[in-house]
Amino acid sequence: MNYLDELNDIQRKAVTHIHGPVLVIAGPGSGKTRVLTYRIAHLVKEGIPPWEILALTFTNKAAREMKERITKVVGTKANRIWAGTFHSIFARILRSEATKIGYPADFSIYDTSDTRSAITEIVKSQGLDTKTYRANMIYSKISMAKNNLINPIEYKNDGERLLLDKQQKVPYVYKIYDLYVKKLQRAGAMDFDDLLYQMHRLLSENPENVVEKYREKFKYVLVDEFQDTNQLQYSIIQHLVKYDGSPQNICAVGDDAQSIYAFRGATIQNILDFEKDYPALKIYKLEQNYRSTHHIVQAANTVISRNRRQLKKTIFTEKGEGQPIRVVRAMSDNEEARHVVESILEQQHRKHYKHEDFAILYRTNAQSRVFEESLKRRRIPYKIYGGMSFYDRKEIKDCLAYLRVVVNPRDEEALKRIINYPARAIGATTIEKLTQIAAQQSWSLWEVIKRAHTLNFAKRTSKALREFASMIGLFQEKLATDNAYDLASYVVRMSGILKDLRKDKTTEGQSRVENVQELLDGIKSFVDNDEILEQAAHVEDKSLTSYLQNVILLTDLDTDEENTNRVKLMSVHSAKGLEFKSVFIVGLEENLFPSLMSIKSNDRNAIDEERRLFYVAITRAEEELTLLYSTSRYRFGKMVYNNTSRFLEEISPKNLQMDGTRSSARISGAGMSKQAVMRKSFARKTSNSTYKKSSSFQPSPIQKIVTGANIIHERFGPGKVISMDGSGMDKIATILFDQAGEKRILLKYAKIQVK
DNA sequence: ACGCGGCTTCTTTTT
DNA sequence: GAAGCCGCGT
């Protein structure tokens, strides 16, 4: 079977048009990944060496899956393709080129918390207030600057920026930015943005003609999710593709309607500029949606039509009409969760879905908790993506910090983490002194520690420092000979981490020991060339350095679990590019989705971005889509009452099926005056007590439910049992409800009262 | 030097 | 409802 036969006309054109610049505008579910994959396969078939192809994807997982699919067409040489995220590909390149721009080849990568703590330190050192100069805020300003190619000098000379900072009462951000850049350089460290920024520097400063090398190398460049690239990323692509005599073999794939990363500098301006920068550009529009039913596609279209500034396209589907989108009102976040879980069970039964066919999508990661609890209670296997990940755990960070220091002792954030863990009598006072000396002498902290004996520290402290230095020295000696696993397990044992963790006999303590073991197992499989890491297939380098640089850029979406048959919980952002048979979008309330921030900013662009986010969420669903909101929920341990999300009202009622906790439930606010909404929400609150009574609803025993019985269902209200099937615990009743219509109910979970 | 406990603030969203 | 910060007691 020829792969070209699996494509529609436009897709095939986009795949086979391999020379010159191409832009593919691809609506949701339009076979974008398929085009990208087959295009690469086609390139290889046409005789292009795989290592001359650079494919920048949004997740490492996407890259890996693409490679797997390409392998089926062209064989194992597909592994030689340079495919990965911007960050991971550039980290890999920088590793071999870093010395050209003043970084060690073994540079560290600072994660968000390293970055934050580095900033806080600078703020303190400048005698500024850490409450006014909040690390998160400064970080996002610095990040924005880098992503817009503004260096500290330019920042300082940018009147507009300075004025804005002044208005926000943080006039010294420019100074912090400058010190921050210097601090990281001294530490031989790059933050996430630097992986792009320094790559850009490498290409634009072009030491030793390095840019020619990469232009020569990457003859074909493909960029996925182009709408989510920022100016910095665009500029890097320009360096690689746009130059005199370039064949301009660039293919960008994206959808302006799905641009959801403006907060990190992404701009659809890139799509618009693209046309200008490449006059020969050929545009293909993929408008047929192969994913979702008519109701879902239509709802998505209606919602997104409210946004201004869009590229014109019409998404259509030939899939059937499908089920209307269900809307469910809950009284509390807990009830919302309960409802989702019950619906999952009901749908599993009715449509024979597996766990993995479901996704619960939310605006903020903090919402995951209640769903986790409900799923656990019903023993439904699930996996939460994002939020607190394995690598965020303290014990894991401590271990990794040791390894980072061994590889790069100038890595100050890692060093500070472990210098007194496990406790070895090097306290805050000592560290303060060391830091001061480091600043005075412009040494790194590590150099000061090594020379501590020449400085007058107390005898006890001096000894502690000497022992620490020699321990790290011992580890470093093994760097040249040991592989990552041998070295890591040696470090974990000899540093005393394991011993310290084992002291704690509680369950949590035990699980920390297990986590460290799991980390070591992960390093082992990296060394043994298992596929846990995306690039393992062609990263020959099994050193610790190589491991560290790879591991930090992994997200949990990238790591495939053995048992994938689980309900997936994730933020809408994380769900980009994924699809599920049945999707639940939860927390559809004002101040949550759209987020409070976007409403407060009073910026239409911010709301438009939230709407695109909602569009992304809707279009993840293939067959079943359920939208939920709650009239009350806990936030910061306090009860808050939100209004229904405006987005719900933007979907045409003909695509919706109301399905509240009580038959009288309607979307509040839809077509109502503001006063009416207020009245209604007041009424709702007072009716809360009535509802509480109904939660003490007494279900009748299963035996009592028989054909012909008149019953009341906790959610669907009154109805009549039409027929019964199944046996024992799996008995099912088909019930005709007065309001909700005919439903098949699995009795073991349903709460039904016989009248 | 170090750990504990009470205090505040915090929440978008990700590499 | 957690995580970081500060101050106090050992």
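Every chain is numbered from 1 and lettered A, B, ... according to where its sequence line falls, protein lines coming before strand lines.
- Comparing atom distances between the A:K131 side chain and each of B:dC2, B:dT13, B:dT9 picks out B:dT9 as nearest.
- Of the side-chain N and O atoms in A:T112, none sit less than 4.0 angstrom from OP1 or OP2 of B:dT14.
- Looking at heavy-atom distances under 4.0 Å, A:D193 makes no contact with the nucleic acid at all.
- Taking atom C1' on both nucleotides, B:dT13 is separated from C:dG4 by 22 Å, rounded to a whole Å.
- Residue-level contact check: A:S595 touches the bases, meaning some heavy atom is under 4.0 Å from a base atom.
- Within 6.0 Å of atom NZ in A:K463, 12 or fewer heavy atoms from other residues, nucleotides or ligands are found, so the atom counts as exposed in its surroundings.
- Rounding to whole angstrom units, NZ of residue A:K394 and P of C:dA2 are separated by 18 Å.
- Looking at the side chain of A:A423, the nearest of the listed nucleotides B:dT15, B:dT11, B:dG3 is B:dG3.
- Between A:F226 and A:Y234, the angle of the ring planes lies from 30° to 60°, which puts this pair in the tilted group.
- Backbone-only engagement by A:T429 is indicated by non-hydrogen atom pairs under 4.0 Å involving sugar-phosphate atoms exclusively.
- In this structure, A:Y261 does not pack face-to-face on the six-membered ring of B:dT13, missing the 5.5 Å centre cutoff or the 30° plane limit.
- For A:L553, taking side-chain heavy atoms from C-beta onward, the closest of the listed nucleotides B:dT15, B:dA1, B:dT11 is B:dT15.
- A:I304 places none of its side-chain heavy atoms less than 4.5 Å from the side chain of A:I618.
- Contacts of A:R134 with the nucleic acid, taken as non-hydrogen atoms under 4.0 Å apart, involve only primed sugar atoms and P, OP1 or OP2.
- Taking atom NZ of residue A:K638 and atom C1' of nucleotide C:dA2, one finds them 17 Å apart after rounding to whole Å.
- Looking at the side chain of A:R369, the nearest of the listed nucleotides B:dT15, B:dT11, C:dG1 is C:dG1.
- Straight-line distance from the CG atom of A:L195 to the P atom of B:dT15: 13 Å, rounded to whole Å.
- If you check every strand for non-hydrogen atoms under 4.0 Å, A:D111 touches nothing.
- Whole-Å rounding puts the A:K600 NZ to B:dC10 C1' distance at 12 Å.
- A:R424 has no carboxylate O lying under 4.0 Å from a charged side-chain N of A:E467, or vice versa, which leaves the two without a salt bridge.
- No donor-acceptor pair closer than 3.5 Å links the side chain of A:S574 to the backbone N or O of A:M570.
- Atom name C1', nucleotides B:dT11 and C:dC6: the rounded distance is 23 Å, in whole Å.
- Between A:R460 and A:F58, the residue anchored nearer the 5' end of DNA chain B, judged by the nucleotide with its closest heavy atom, is A:R460.
- Checked against B:dT14, C:dA2, B:dT15, the side chain of A:F263 finds its nearest nucleotide in B:dT14.
- Outside the 6.0 Å centre-distance limit, the rings of A:F90 and A:H200 are not counted as a close aromatic pair.
- Within the 4.0 angstrom heavy-atom criterion, only backbone atoms of the sugar-phosphate kind lie near A:T430; the bases stay farther away.
- At B:dT15, none of the side-chain N or O atoms of A:N147 fall inside 4.0 Å of OP1 or OP2 (strictly under the cut-off).
- For the pair A:R635 CZ and C:dA2 P, the interatomic distance rounds to 16 Å; values are reported in whole Å.
- Rounded to an integer number of Å, the gap from CG of A:D191 to C1' of B:dT15 is 10 Å.
- Between A:N420 and B:dC2 there is a side-chain polar atom (N or O) within less than 4.0 angstrom of OP1 or OP2.
- With rounding to whole Å, A:N365 atom CG is found 15 Å from C:dG1 atom C1'.
- Toward the 5′ end of DNA chain B lies the nearest nucleotide of A:T461, the other residue of the pair A:H573 and A:T461 mapping further downstream.
- In this structure, A:S574 reaches the B:dT14 phosphate: one of its side-chain N or O atoms is under 4.0 Å from OP1 or OP2.
- Within 4.0 Å of A:S598, counting heavy atoms only, lies no atom of the nucleic acid at all.
- Distance CZ (A:R424) to C1' (B:dC2): 15 Å, rounded to an integer number of Å.
- Listed nucleotides: B:dA1, B:dT11, B:dT15. Nearest to the side chain of A:A366: B:dT11.
- Once the 5.5 Å centre distance and the 30° plane angle are applied, the aromatic ring of A:F636 is found stacked with the base of B:dC10.
- The aromatic rings of A:Y103 and A:F107 stand perpendicular to each other, their planes meeting at an angle above 60°, with 30° marking the opposite boundary.
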